Structure formats: structure tokens, C-alpha cells
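Note that the structure is predicted; figures quoted are calculated from it, not measured. Numbered from 1 within each chain, the chains take letters A, B, ... in sequence-line order.
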Amino acid sequence: MNFIEELRWRGMLHDIMPGTEEQLNKQMTAGYIGFDPTADSLHVGHLTQIMTLIHFQRAGHKPVALVGGATGMVGDPSGKSAERNLLSEEILSHHVQCLEAQLKKFLDFDCGANSALMVNNYDWFKEFNFLDFIRDVGKHITVNYMMAKDSVRKRLEGEAGMSFTEFSYQLVQGYDFYYLWKERNCQVQMGGSDQWGNIVTGTELIRRKGGASAFAITTQLIKKADGTKFGKTESGAIWLDPAKTSPYKFYQFWINTSDDDAQSWIRIFTLKSKEEIEALEQEHALAPHLRILQKALANEITVRVHSKEALQMAIKTSDFLFGNGSLEFLKSLSDTEILDVFDGVPQFKIAKAELIVGIHATDLLAEKAGVFTSKGEARKMIQGGGVSINKEKLSDANQIFDVNQLINDQYLVVQKGKKNYFLLIIV
RNA sequence: GGGGGGAUUCCAGAGCGGUCAAAUGGGACGGACUGUAAAUCCGUUACUUCGGUUUCGAAGGUUCGAAUCCUUCUCCCCCCA
């Protein structure tokens, strides 16, 4: 199966420039995707692009991951209704380093001819002066052409307006494509469907300035069946950096996908074959409560992004927190294991002296620990039957806690509702 | 520069002198149900030592009593130049 067919059956393909498939079938081709360093980590939204590059390489082509040290300085107006704030050079270069380290994990950089390549467009832009740029690049593209782009037109029609900086973005990205085409024989640019306009400016530049054709493929934007935005939770984005989103939370994100979404996402975010996926779907349909699809999805992505070990820990943690989590299990763990299980769970430190004299549940949860913002809230929640300590539901808001209730002589496990855990560490 | 309208609890939005901690809807959170799902139903959504206490852009004032009336200030929106 070729690359395009692969994307197509997985439901990833959005748009493709005529001639692209022929080029890919003809010979090994280099193709790139750009990642702008807007943060110090990639998030799950970037995974589609990462998977696209992985498929590209598996199909025998040469994937190029571009980190936008230069484009990040300008700011992509696509999909943005207002001008963005510029990031400083130091912050950007830090972001670039973080992204490069993350991207390295996903591709094979040492497999001969189609080894992956990592580039940073800052390398060819830092020496490019303004006059040269507007003469060598700007001359080939008309303002009329640039203004017709969706990303520009929407901003011109709106109230917010648009700076010259962001207006120029497509030229900067376009030149990237031209540069990679010329210097690295890179003939294809890929990206999310919102990037079509920017990519086409690149192929246009290659056509006019280089007199050759280049190709473009865009992928579907990931949508959730319920219409909410993919990759965001109440607590923010799901990052690939384990320091920003713990592997446990990352795993949970995928476990919690709806059945509808799981069906489409397992095609996009795993490398499982059509047969494997269809078998899983049948299995899932027979016993939907086992959530076979979600587990298969979560397992594979967690291993790809983090590691086998991280997955094991995430599963163990999930089993405890949601499944047959018993106090005995927790008591059987060492201090470090407990801290591992509760990694990523809010933790509060409390002075042992408070426990020695004994403390009311409401004082403990609202004043000493930030589980609740006020004692009234704590009291109401306890009366509503929504609070457990050490896996036991609290029935009385005035219940006294002392050192006898501690696990391993220093922990109390608090649950608000079923899902929200807090670890109180008594020191 | 001139004229008009507005600022209410997480959001939207009622209230226009006492019965207002403030309708209603949304969101959030909790409970039941469940698959750590969806839908549904129920509850909570200023603080409290449960006696009360502090809220309705800010500061003053009128009144027995103000989110509601008056004055000043701050901020927002609209219209005309």
C-alpha cells in the first residue's frame, strides 16, 4: 500500500495537489512538515503530523521535520482571529530545542537513504536580510495573491486587523519550502488542512522562482464527535512532555475517548493494520464496556510518546484509582511507589503537629489542604456524599482525623467525587 | 467635541426602595445510573464558630431600610461630528 492510500483509508487525508501521488510512486521523495515553537512542548494536536511523517518514512520516503525558529518569530495568522504576541528570541530558541528533542523520538534518523532529517528554518533566515528577502522572494508573489488567502481575508474582514508581520508569514513559510526544495530536493510539504494556504504559497514560489513543480498534502483536522475541541481538557492541553502532562494523565486522556472518536482515532494515532483494527472493533462491539478500542489506542500511543515502563505505571495507577483500588494495595506500597502512583495528582503537605492533636475534616480539607476553597464548600460536599478519605466515604463533616488514620505513617488519600484524587503528605 | 446606553454573584441575564445572598438559563462540581462513556434524573454553586457576617463597577449621600433613589469618580458600548 502506498503512502496516499495509507492516509486515505485511515481517514487522514484532506487535500492533495494533483501529481503528488504520481511523484511519490515514481521515486523516493523527501517531504517535510513544519512545527512552530509556540510552546516548550508539542501536544497531542501535533500527533497527526507526527504520524503523517512516520507513515511517510514507512512508505519508503524521506521525512523532514522542520522546527520553525524563524516562522515562530513571525506568527502564523492561520486560524487566529487576532494578532499574536511575539516571543523573545531566548524563549524561542529554548522552545526549538525542546521540540527537536521530542521529534527525534518518533522518526528513524539512521536507516540509510530515507533517514529522517531535522532542520530549523532559523538557520537560513538569520542571515537573510530584509532587502534581499523582498527582492528575491517578495517580487515573485503578488499582494493580490496573498490577500486572497483565507487566513488573511478573514482578518481583513474582521475588526482585529493584521500587522504586516503576520501578513508576511506565508512568504516566510513559502520560502522555507523553496529553500528545502532547492537545497535538499524536498518536493512535498505536508501539514494540517489549515496550512493549505501557506503550503500553496510555497509551491507557487517554487513554480515562479524555481520553474518547477512541488507538491502538497494536507491532513484532516481532528474533530471530536461531540463538537468540542480535540486535545484540550479543563486543565489545559495534553502535552507530550511528561513534566507538563504526566504519562498517567496522558494515558487517561486516550482511555476516556468516546466510542465514536476511538474508532476514527485508532486509525490515525496507531500503526495497526486495517485487519487488526477491524478485529478490535468487532471485539469492542461484543463487549463495549471493556473499552477494547480505547485501551488499544491508549496503550500504543503512550508507548510511542513515553515508554513501555510509563505505560505499565499508568495502567497500574489507573487500576488503583478507578478499579479495585483498595487500601491494602496502597499500604503494600513503599513510599516511592506511592509517590509514583500519585504522580500528577495534587499534593499537599501538612504539619504532623496538626494531626497529633486531631483535626476536623473540614479544617483539614479546606484550611490545611487546598482540596476545597472554603469550609462551607467542604461541608456541603461531605453532606452530599462526595468526599472520601482513604477510600472511605465521609459521612460526618466534623469527623476528627489523627495520626492513626495515616497510611505508611505519613499519607492520607482524599477523593473528591470518584475521579479527583488528592494526596496529603504529613511531615 | 456633542448625544445616548450600560457596569449584578463563573458566564449570559432578570431585578428598579423592604418579602434579595438576589429569578431564569448555561457552565462547573457532587450524587444516582453506567463502561473511568453518552443520555437522563437529583443536589450544590459568597463566607460562617450555622447565631449571623460581607456582596450587586468605586467612593460618598438620602432613608427606619438601597442592587434598586441622589452626587462624584472609573471603565465599557453605540450614534453624530
Practice problem: Check whether the side chain of K295(A) and the base of U36(B) form a donor-acceptor pair under 3.5 Å. | Solution: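 A donor-acceptor contact between them is absent.
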Self-check item: Under 3.5 Å donor-acceptor pair, E377(A) side-chain atoms to U44(B) base atoms
Solution: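 Answer is no: no donor-acceptor pair is held.
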Gap in Å between the two [atom1] atoms, one belonging to [N] and one to [M], rounded:
N: C56(B); M: G51(B); atom1: P; result: 26 Å
N: C16(B); M: U48(B); atom1: C1'; result: 31 Å
N: U9(B); M: U54(B); atom1: C1'; result: 13 Å
N: U19(B); M: A28(B); atom1: C1'; result: 31 Å
N: A7(B); M: G15(B); atom1: P; result: 11 Å
N: A58(B); M: C75(B); atom1: C1'; result: 10 Å
N: A59(B); M: U74(B); atom1: P; result: 15 Å
N: G31(B); M: A21(B); atom1: P; result: 31 Å

Practice problem: Verify whether the ring centers belonging to F269(A) and F230(A) lie closer than 6.0 Å. | Solution: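 Ring centroids of F269(A) and F230(A) are less than 6.0 Å from each other.
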Quiz prompt | Validation row: T29(A), N114(A) side chains within 4.5 angstrom (heavy atoms) | solution =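 Answer no - side chains too far apart.
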Nearest to the [X] side chain among [options], which nucleotide is it?
X: M381(A); options: C47(B), G30(B), G35(B); value: G30(B)
X: K375(A); options: U34(B), U36(B), U49(B); value: U49(B)
X: N420(A); options: U48(B), G30(B), C33(B); value: G30(B)
X: K419(A); options: U36(B), C29(B), C50(B); value: U36(B)
X: I255(A); options: C47(B), U34(B), U36(B); value: U36(B)
X: H289(A); options: U34(B), G30(B), G35(B); value: G35(B)

Identity of whatever pairs with [N] - Watson-Crick or G-U, under 3.5 angstrom:
N: U45(B); value: G27(B)
N: A81(B); value: none
N: C69(B); value: G61(B)
N: A14(B); value: none

Send over the distance from [X] [atom1] to [N] [atom2], rounded to a whole Å.
X: Q294(A); N: G35(B); atom1: CD; atom2: P; result: 13 Å
X: Q263(A); N: A37(B); atom1: CD; atom2: P; result: 19 Å
X: I382(A); N: C50(B); atom1: CD1; atom2: C1'; result: 15 Å
X: L290(A); N: A37(B); atom1: CG; atom2: P; result: 15 Å
X: D260(A); N: A37(B); atom1: CG; atom2: C1'; result: 10 Å
X: N256(A); N: U34(B); atom1: CG; atom2: P; result: 18 Å
X: E367(A); N: C47(B); atom1: CD; atom2: P; result: 13 Å
X: F372(A); N: U45(B); atom1: CZ; atom2: P; result: 14 Å

With a 4.0 Å limit, can you tell me whether [X] has a side-chain N or O closer than that to the phosphate oxygens OP1/OP2 of [N]?
X: R291(A); N: A37(B); result: no
X: S258(A); N: A37(B); result: no
X: R379(A); N: U49(B); result: yes
X: K380(A); N: A46(B); result: no
X: S374(A); N: U48(B); result: yes

Practice problem: Classify the nucleic acid contact of Q383(A) as base, sugar-phosphate or nothing, counting any heavy atom under 4.0 Å across all strands shown. | Solution: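 The residue Q383(A) makes no contact with any strand.
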Self-check item: 5' precedence on RNA chain B between H284(A) and G376(A) (nearest-nucleotide basis)
Solution: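 Going by which nucleotide is closer to the 5' end, it is H284(A).
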Exercise. For D259(A) and for K416(A), find the nucleotide of RNA chain B with the closest heavy atom, then tell me which residue's nucleotide is more 5'.
Key: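 Looking at the nearest nucleotide for each, K416(A) comes out on the 5' side.
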Quiz item: Should we count CD of E392(A) as having more than 12 external heavy atoms under 6.0 Å?
Solution: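 Open.
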Quiz item: Hey, what's the ring geometry for F342(A) with Y421(A), parallel, tilted or perpendicular (30° and 60° as the breaks)?
Solution: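 The rings of F342(A) and Y421(A) sit tilted, inter-plane angle from 30° to 60°.
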Quiz item: Can K391(A) be said to sit on top of F320(A)'s aromatic six-ring, NZ or CZ under 6.0 Å from centre and within 45° of the ring axis?
Solution: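 The answer is yes, since K391(A) meets both limits relative to F320(A).
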Exercise. Looking only at non-hydrogen atoms, find the nearest pair between T219(A) and Q49(A) and report the distance.
Key: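 Result for this residue pair: OG1-NE2, 3.2 Å.
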Quiz item: Checking E337(A) side chain against S334(A) main chain: does a donor-acceptor pair fall under 3.5 Å?
Solution: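 The answer is yes, because a donor-acceptor pair under 3.5 Å joins these two groups.
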Self-check item: Side-chain donor/acceptor of T218(A) to backbone N/O of D15(A), under 3.5 Å
Solution: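 Yes, T218(A) side chain to D15(A) backbone: donor-acceptor pair under 3.5 Å.
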Quiz item: If anything within 90° of 0 is syn and all else is anti, what is G43(B)?
Solution: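 Nucleotide G43(B) adopts anti.
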